[in-house]
Amino acid sequence: MPQGSVKETLSKMDPLDVWRILKSAGVKYVKPILIDIHGRPRAELMPIDAAKDILTDGMPFDGSSIQAYATVNKSDFVALPDFRSMFIESWNSSKIVDVFLSVLDDSGKPNVLDPRNVLMQTLEELAAEDTYVKMGVEVEFFIIKENGGKPELADDGLYFEGRNNSMLLNPISKILENLEALGIGWSKVHHEVAPSQYEINIPVNDPLKIADMIVVYKLMARDVASEFNLVSTFMPKPFWGINGSGAHTHISIWRDGVNLFQSNTEEVTEQCRYAIGGILKFAKAISVLVAPTVNSYKRLVPHHEAPTRIVWGYANRSAMIRIPYYNRRVNRIEYRHPDPSMNPYLAFTAMIKAAIYGIKNKIEPPAPITDIAYDLKGVAETPVNLGEAVEEFAKSEAFSFLPSETAKAYVNVKNQEWGEYLSVYNWKETWNVITPWEYERYLKAA
């Protein structure tokens with residue numbers, strides 16, 4: 001028997017066995033989830049018995065009813081369940097199981113307009129070279145009150161708030177309990193710099209799993225907050241004048257089981273330096289993927305711990321890429337550009353391909369900075385707004401980081417979003433104001 005064949009055989013999951021285990025565990029409903037171009041979950045809910053066929057043969061759906069998936073004349077799709085990515089909704093009495101799907105085209109191949117497929121293909125290409133990526137994400141968000149469609153601060157806490165308050169003891173503790181119950185785990189939670197703002201770290205894992213976890217986490221955090229008549233919002237900048245929310249992404253790249261970023265000195269390794277060079281080279285272009293909304297560019301302003309200068313540094317939180325430098329040890333990079341409204345599947349794809357491009361092409365970054373980045377003159381800066389970000393992506397080599405159909409669809413969707421904003425507001429007059437249009441569009445959906 002060929003080596004590895006037993007493991008491969010044992011790793012295959014029979015859909016009927018999956019159904020049987022879920023039913024015996026008391027699951028009452030199955031929620032098949034597919035991801036749209038914004039990174040938002042699309043799903044339907046069905047009783048466990050009715051879901052047997054879906055788990056076995058896949059879920060048929062109308063692709064034309066989901067933005068950028070298909071036209072009405074070619075709209076019949078099937079999505080297959082990915083049994084590696086199932087989460088029982090512990091916050092809903094464990095009666096619902098979320099099952100992530102992979103969309104097929106009419107020839108039975110993975111549809112490139114499915115963001116999960118885009119990331120999966122990227123990781124498979126790297127695996128063929130025995131190269132793997134590990135990621136962890138610090139997800140910042142606000143828990144707020146809502147009044148007439150507008151947010152209101154729900155606490156007056158400070159960074160690393162030590163006193164107990166109702167927010168820490170109620171919704172936050174329940175969110176943490178459910179992260180554990182979901183099997184996602186968590187490394188820490190703390191009150192962030194802004195009032196009503198919190199950060200939960202999703203521990204290091206495979207990028208596809210991290211992306212799925214972000215989707216489920218956001219679903220859960222919103223549901224939990226609503227139990228307390230509050231709103232968990234992942235809108236990047238819900239309040240002007242205080243910090244916005246980022247999704248700082250920690251990245252390491254491994255080859256032949258070795259972390260290429262693990263340094264034996266107090267400086268980054270050569271491969272890590274090249275990866276930084278690749279990300280910074282394409283930072284303007286991939287901005288539209290990691291900071292994808294009109295509101296994202298109101299977060300990317302100076303002096304609120306959001307990067308505006310395309311630079312890097314050791315232990316420097318004003319830089320776009322920070323090298324965590326605890327005890328002067330180096331083993332990863334922290335990319336501080338992304339925010340939690342991103343489509344994690346497309347954003348992760350862009351981050352990974354930029355880093356790999358840097359390594360393969362030996363892209364040297366500028367020297368690391370020690371000054372506060374916001375005070376630097378004559379260095380590259382992030383795009384001013386969503387419109388500029390779309391233009392940077394469309395004309396860049398980074399456009400090819402995504403399949404052409406996906407990249408074109410994404411550009412069209414983001415141009416439409418920007419145009420809708422401009423039909424109501426002038427950017428120069430509203431860049432420092434959070435508008436009703438943004439609250440309606442992003443407060444509960446970002």
Side-chain angles (χ1 to χ4, degrees), residues 13-16 18-19 22-23 27-89 92 95-122 124 208-209 211-220 222-223 292 342-347 349 402-410 412-414 416-417 444-446:
M13 303 179 72
D14 186 319
L16 291 179
V18 173
W19 175 82
L22 291 174
K23 185 167 183 175
V27 170
K28 301 296 183 184
Y29 302 97
V30 174
K31 185 196 292 182
I33 292 177
L34 55 88
I35 303 298
D36 70 13
I37 200 163
H38 299 285
R40 298 168 189 164
R42 299 298 186 98
E44 62 181 358
L45 192 67
M46 59 189 68
I48 184 70
D49 287 338
K52 184 188 291 186
D53 291 342
I54 300 296
L55 296 177
T56 303
D57 301 318
M59 182 183 75
F61 71 98
D62 172 13
S64 66
S65 296
I66 299 176
Q67 189 177 22
Y69 252 97
T71 55
V72 70
N73 61 319
K74 294 182 179 180
S75 57
D76 289 346
F77 288 85
V78 174
L80 295 180
D82 185 346
F83 296 131
R84 301 168 301 173
S85 194
M86 300 192 301
F87 298 87
I88 292 177
E89 294 191 358
N92 279 326
K95 294 181 179 179
I96 300 172
V97 63
D98 298 338
V99 182
F100 282 81
L101 304 173
S102 178
V103 179
L104 305 182
D105 62 21
D106 54 9
S107 68
K109 296 180 180 179
N111 189 316
V112 295
L113 290 172
D114 176 354
R116 281 190 95 246
N117 286 341
V118 173
L119 180 56
M120 277 196 291
Q121 182 178 351
T122 298
E124 287 169 3
L208 183 67
K209 292 180 180 178
D212 290 342
M213 288 174 182
I214 289 173
V215 171
V216 172
Y217 166 67
K218 289 167 71 172
L219 283 172
M220 179 267 290
R222 289 188 178 109
D223 284 353
M342 67 178 171
N343 179 331
Y345 306 92
L346 299 184
T349 296
L402 304 182
S404 60
E405 300 97 319
T406 311
K408 290 175 184 176
Y410 192 84
N412 289 338
V413 165
K414 289 300 164 182
Q416 180 181 341
E417 185 174 333
K444 294 182 179 179

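All values below were derived from every heavy atom in this structure, side-chain atoms included, with hydrogens, water molecules and symmetry-related copies excluded.
- Sorted by first then second residue, the side-chain hydrogen bond (donor to acceptor under 3.5 Å, both in side chains) pairs that include residues 50-61, not counting sequence neighbours, number zero.
- For the side chain to side chain donor-acceptor pair (under 3.5 Å) test, residues two or more places apart in sequence or in another chain that qualify with Tyr345 are Asp212.
- In this structure Pro60 satisfies the side-chain contact (heavy atoms from CB on, under 4.5 Å) test together with Ile54, sequence neighbours excluded.
- Contact between Met342 and Pro292 at its shortest, heavy atoms only, is CA-CG, 3.6 Å.
- For Ser102, the side chain to side chain donor-acceptor pair (under 3.5 Å) criterion is met by Asn117, not counting sequence neighbours.
- Nearest heavy atoms, Phe100 versus Ile35: CE2-CD1, 4.0 Å.
- Between Asp114 and Arg116 the shortest heavy-atom distance is OD1-N, 2.9 Å.
- Residues passing the side chain to side chain donor-acceptor pair (under 3.5 Å) test with Gln121 are Glu125, sequence neighbours excluded.
- For the salt bridge (charged side-chain N to carboxylate O under 4.0 Å, His left out) condition, the pairs that include at least one residue of residues 40-49, sequence neighbours left out, are Lys23-Asp49, Asp36-Arg42.
- For Lys444, the salt bridge (charged side-chain N to carboxylate O under 4.0 Å, His left out) test picks out Glu146, with sequence neighbours left out.
- With sequence neighbours left out, the side chain to side chain donor-acceptor pair (under 3.5 Å) criterion links Asp14 to no other residue.
- Summarising the geometry, atom CZ belonging to Arg84 is positioned 8.0 Å from atom NZ belonging to Lys209; distances are rounded to the nearest 0.5 Å.
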Verdict with reasoning, His38 to Asn343, per side chain to side chain contact (heavy atoms under 4.5 Å, CB included): CA-CA 5 Å; His38 299 285; Asn343 179 331; 5.8 Å; no
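- Shortest non-hydrogen contact noted between Ile37 and Leu346 is O-CD1, 4.0 Å.
- Listed by chain and number, the residues in a salt bridge (charged side-chain N to carboxylate O under 4.0 Å, His left out) with Asp98 are Lys31 (sequence neighbours excluded).
- Here CG of Asn92 is found 11.0 Å from OH of Tyr29. Values are rounded to the nearest 0.5 Å.
- Of the inter-residue distances, the one linking Ile48 atom CD1 with Ile96 atom CD1 reads 11.5 Å to the nearest 0.5 angstrom.
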Pair Leu34-Ile66, side chain to side chain contact (heavy atoms under 4.5 Å, CB included): steps then yes or no: CA-CA 10 Å; Leu34 55 88; Ile66 299 176; 3.5 Å; yes
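- In this structure, Leu104 and Gly108 approach most closely via the heavy-atom pair CD2-O, 3.8 Å.
- Residues Pro110 and Asp105 approach most closely at O-OD2, 4.4 Å, considering heavy atoms.
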